[in-house]
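What follows is a short report on a single structure.
What you see is a predicted model; the values in this text were computed from it and never measured. Each chain gets a letter, A, B and so on, in the order its sequence line appears, and its residues count up from 1.
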Protein chains: 2
Amino acid sequence: MSDLLERLRGRGWRMTAQRRVVAEVLDGEHVHLTADEVHARAVGRLPEISRATVYNTLGELVSLGEVLEVATDKRAKRYDPNAHQPHHHLVCAQCGAIRDVHPIGNPLADLPDSERFGFTVSDVEVTYRGTCPNCAAA
Amino acid sequence: MSDLLERLRGRGWRMTAQRRVVAEVLDGEHVHLTADEVHARAVGRLPEISRATVYNTLGELVSLGEVLEVATDKRAKRYDPNAHQPHHHLVCAQCGAIRDVHPIGNPLADLPDSERFGFTVSDVEVTYRGTCPNCAAA
DNA sequence: ACTTGACTTAGACATTGTCCATTGTAGGAT
DNA sequence: ATCCTACAATGGACAATGTCTAAGTCAAGT
């Protein structure tokens, strides 16, 4: 189940109740929680966990490369534990629902040298926007 | 010069000193200011302009489709007046510098139906990340 | 020049995120 | 099993960004 926890243990990450709970909350696919949502769920399992710890832990998971920050929402950052399979996002403009998607082709190759302005380009993030079936029905 | 102001007048937008100043500050290419930066520059020309007015005006420009919100930065929203020429962004991961870029191909066509989950997909936003020449030299 | 509805203002408030000094604890050493 | 110690957690202040409201002001039509 918890691939994330396994990987973290394997990397010698010091395990505490708080860190375990944060990792458990984040584990899964199509999971894109904000820091506050992670905190709310973590509190459900470990009521005394503090906001600062959740932020610290999320920051560490990002540094370790086990979780990605995504900016699909224009308000809070969201955290995506699916860091080991490259993917992009499809976002509902109305309700904010997010799905992981896998476009064909490699967008990195689509940026000609003449459009790189001397940058060393290392990464690309693609966000598709639209309306989800639920919102379309309403 | 001010295409943006021209267009706004043409649409019957009620013109006030504050709105004119905000539009002037935003006008140009490769302009990607945060709301606070817009406010700071607007204050330079019209010291009594309030923060709320800048936020309101930016929100209206976005609603009118004359300015785009971009989420390249993970902190504040940025406002891009280059709304009438489709483009994407190239961001320096270190200093945050932003350039408008025009990749070849159409990323919308690269998302197969099987990856659309019933969404009606209307838009795509591509953000390239890398290191700009300045930061690479340092 | 009026009148009126839309615009602006200042500042309180809300949300999201960061920092720091103190207290607690995981995990190795004894 | 217990003790140490470096690392982690806490909570509360602070910072940055954004939203709202009540009251005053003004652009534009008549």
I want to check something: taking the side chain as every heavy atom from C-beta on, are B/Asp27 and B/Glu24 in contact at a cut-off of under 4.5 Å?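 When only atoms from C-beta onward are counted, B/Glu24 and B/Asp27 do not touch, as no gap falls below 4.5 Å.
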Atom pair distance, as rounded to whole Å: [atom1] in [X] and [atom2] in [N]:
{"X": "A/Arg20", "N": "C/dG27", "atom1": "CZ", "atom2": "P", "result": "12 Å"}
{"X": "A/His39", "N": "C/dT18", "atom1": "NE2", "atom2": "P", "result": "15 Å"}
{"X": "A/Leu58", "N": "D/dA8", "atom1": "CG", "atom2": "P", "result": "15 Å"}
{"X": "B/Glu69", "N": "D/dT19", "atom1": "CD", "atom2": "C1'", "result": "14 Å"}

Are the charged groups of B/Arg11 and B/Glu66 less than 4.0 angstrom apart, N to O?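 Answer for the salt bridge query: yes.
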Could you tell me whether B/Glu60 and B/Arg19 make a salt bridge, using a distance below 4.0 angstrom between a side-chain N and a carboxylate O?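 Looking at B/Arg19 together with B/Glu60, the answer is yes, because their closest N to O distance falls below 4.0 Å.
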Could you work out, with ring-ring contact (aromatic ring centres under 6.0 Å, His included) as the rule, every residue matching B/His32, not counting sequence neighbours?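 Testing B/His32 for ring-ring contact (aromatic ring centres under 6.0 Å, His included), a comparison that skips the adjacent residues, returns B/His89.
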Treat primed atoms plus P, OP1 and OP2 as sugar-phosphate and everything else as base, then score nucleotides 4-16 of chain C 5' to 3': B for base contact with protein heavy atoms under 4.0 Å, S for sugar-phosphate contact only, - for none. -BBSSBBBB---S
Under 3.5 Å, is there a donor-acceptor pair between the side chain of A/His30 and the main chain of A/Asp100?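 Answer holds: yes.
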Treating B/Glu37 as the side-chain partner and B/Thr34 as the backbone partner, does any N or O pair qualify as donor plus acceptor under 3.5 Å?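 Indeed, once roles are kept as given, a pair shorter than 3.5 Å links the two residues.
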Roughly how bent is the helix from C/dA1-D/dT30 to C/dT30-D/dA1 end to end, in steps of 10 degrees, with each end axis from five pairs?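 Result, rounded to 10 degrees: 30°.
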Is it true that B/Asp80 and B/His87 share a donor-acceptor pair across their side chains at a distance under 3.5 Å?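 Yes, a side-chain donor-acceptor pair sits under 3.5 Å.
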Nearest heavy-atom neighbours spanning A/Thr131 and A/Cys92: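 Closest approach of A/Thr131 to A/Cys92: CA-SG, 4.1 Å.
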